[in-house]
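Below is one structure, written out as structure tokens, with a few remarks after it.
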Amino acid sequence: MSKKNGLIVILLLIGVVGMAALEGFIKPKADEQAVQYEAEQNDPLTHDIRNSLSFASPYMGNAGNLINLNASLPMRDIERTFQLYPEELTAEIRFQARAVDLQEEKLKQLLVYNSTANFAMIDNLEKLIFAFEDQTFTIRRDEVESWFGNQVTLASLRDAGTWEKEVQSRLDDMKFVGDYVENLVERKFL
């Protein structure tokens with residue numbers, strides 16, 4: 001065999017081994033990491049709020065922006081529709097699921113996380129309704145602002161570090177979460 005043919009065979013073997021490594025090891029590992037990342041983005045305890053910051057807007061009337069904001073937040077795996085009431089500065093997110101089918105603790109964490117994110121990112125949103133097939137949860141901006149007090153404004157939560165400290169890290173504290181839901185969320189059974 002000539003040197004030229006030997007070089008071609010060696011390059012071919014390197015290509016085959018490289019392709020096998022790519023398809024057999026590298027791609028499956030990357031796919032596994034992507035699935036894990038997506039699962040983390042659907043949990044308020046591990047969600048990366050930086051993915052949602054680009055949807056900050058002064059106006060709730062930008063339906064596409066509101067839809068994309070909520071598609072970037074936990075509960076994004078639940079089918080939903082949106083109804084905007086611009087004259088009332090209200091957004092209603094209608095989930096095609098029953099609230100009772102969600103774990104109660106996780107539902108409360110989601111209510112805290114997603115309502116705070118919506119009010120922090122949409123400046124003139126005054127009322128938010130999470131409507132499930134069996135229950136509705138209504139939260140008002142002024143009450144969320146009061147909840148966080150004078151030290152933390154909703155606009156300041158657009159900083160990822162402030163968000164993590166003031167919202168996300170407190171979701172493990174079920175007293176904090178329970179008090180938020182009990183005091184700020186109007187729950188109605190349908």
Minimum-distance pair of heavy atoms, taken over all atoms of L84 and M60: CD1-O, 3.8 Å
Spatial distance of atom OG (S57) from atom CG (N65) [nearest 0.5 Å]: 5.0 Å
Steps toward side chain to side chain contact (heavy atoms under 4.5 Å, CB included) verdict (T81, Q96): CA-CA 8 Å; T81 60; Q96 297 170 1; 3.9 Å; yes
Salt-bridge present (K188, D134; N to O < 4.0 Å): no
Common cluster, L128/Y59, ILVMFWY with side-chain heavy-atom separation under 4.5 Å: no
Test item: N70 side-chain N/O and L66 main-chain N/O as donor-acceptor pair under 3.5 Å: yes
Heavy-atom closest contact (S52 atom, M121 atom, distance): O-SD, 4.2 Å
Sidechain N-carboxylate O distance under 4.0 Å for R140, E88: no
Parallel, tilted or perpendicular, as decided by the 30° and 60° cut-offs, for the rings of H47 and Y113: perpendicular
Lys/Arg N to Asp/Glu carboxylate O, R170 vs D173, below 4.0 Å: no
Check: P44 main-chain N/O paired with Q168 side-chain donor or acceptor under 3.5 Å: yes
From S146 atom OG to L184 atom CG, the distance as rounded to the nearest 0.5 Å: 8.0 Å
Heavy atoms from other residues, nucleotides or ligands near CD of Q103 exceed 12 (cutoff 6.0 Å): yes
Cluster check I129, I139: I/L/V/M/F/W/Y, side chain < 4.5 angstrom: no
More than 12 heavy atoms of other groups within 6.0 Å of N150 CG: no
Non-hydrogen atoms of Q41 and T46 that approach each other most closely: NE2-O, 3.9 Å
Euclidean distance, I122 CD1 relative to L125 CG, rounded to 0.5 Å: 7.0 Å
Steps toward side chain to side chain contact (heavy atoms under 4.5 Å, CB included) verdict (Y85, E92): CA-CA 8 Å; Y85 304 98; E92 182 175 0; 2.9 Å; yes
Salt bridge flag under 4.0 Å for residues E143 and R141: no
Polar side-chain atom of S156 near backbone of V152 as donor-acceptor pair, under 3.5 Å: no
S169 side chain vs E164 backbone, donor-acceptor pair below 3.5 Å: yes
Minimal non-hydrogen separation, V112 against T116, with atom names: O-OG1, 2.7 Å
4.5 Å side-chain heavy-atom contact, T138 and V185: no
Cluster link V100 to L111, ILVMFWY, side chain under 4.5 Å: no
D48/R50 ion pair, N-O < 4.0 Å: yes
Between CZ on residue F148 and CZ on residue F119, distance to nearest 0.5 Å: 11.0 Å
W147 ring center within less than 6.0 Å of F176 ring center: yes
ILVMFWY cluster, L89 and F82 together (side-chain gap under 4.5 Å): yes
For N114 against P74, the heavy-atom pair lying closest together: ND2-O, 2.6 Å
Polar contact flag, side-chain donor to acceptor under 3.5 angstrom, Q135-R187: yes
Option among I49, V167, L53, V144 that satisfies the side-chain contact (heavy atoms from CB on, under 4.5 Å) test with L157: V167
F137 and F132 aromatic ring geometry - parallel, tilted or perpendicular at 30°/60° bounds: perpendicular
Pair E104-K106, salt bridge (Lys or Arg N to Asp or Glu O under 4.0 Å): steps then yes or no: CA-CA 5 Å; E104 183 74 16; K106 188 60 67 184; over 6 Å; no
Exercise: identify the closest heavy-atom pair between Q109 and L171: NE2-O, 2.9 Å
E133 side chain reached by R98 side chain, heavy atoms, under 4.5 Å: yes
Nearest-0.5 Å distance that lies between atom CG in D123 and atom CG in L154: 9.0 Å
Side-chain donor/acceptor of N42 to backbone N/O of R76, under 3.5 Å: yes
W163 side, atom CH2; R158 side, atom CZ - distance, nearest 0.5 Å: 11.5 Å
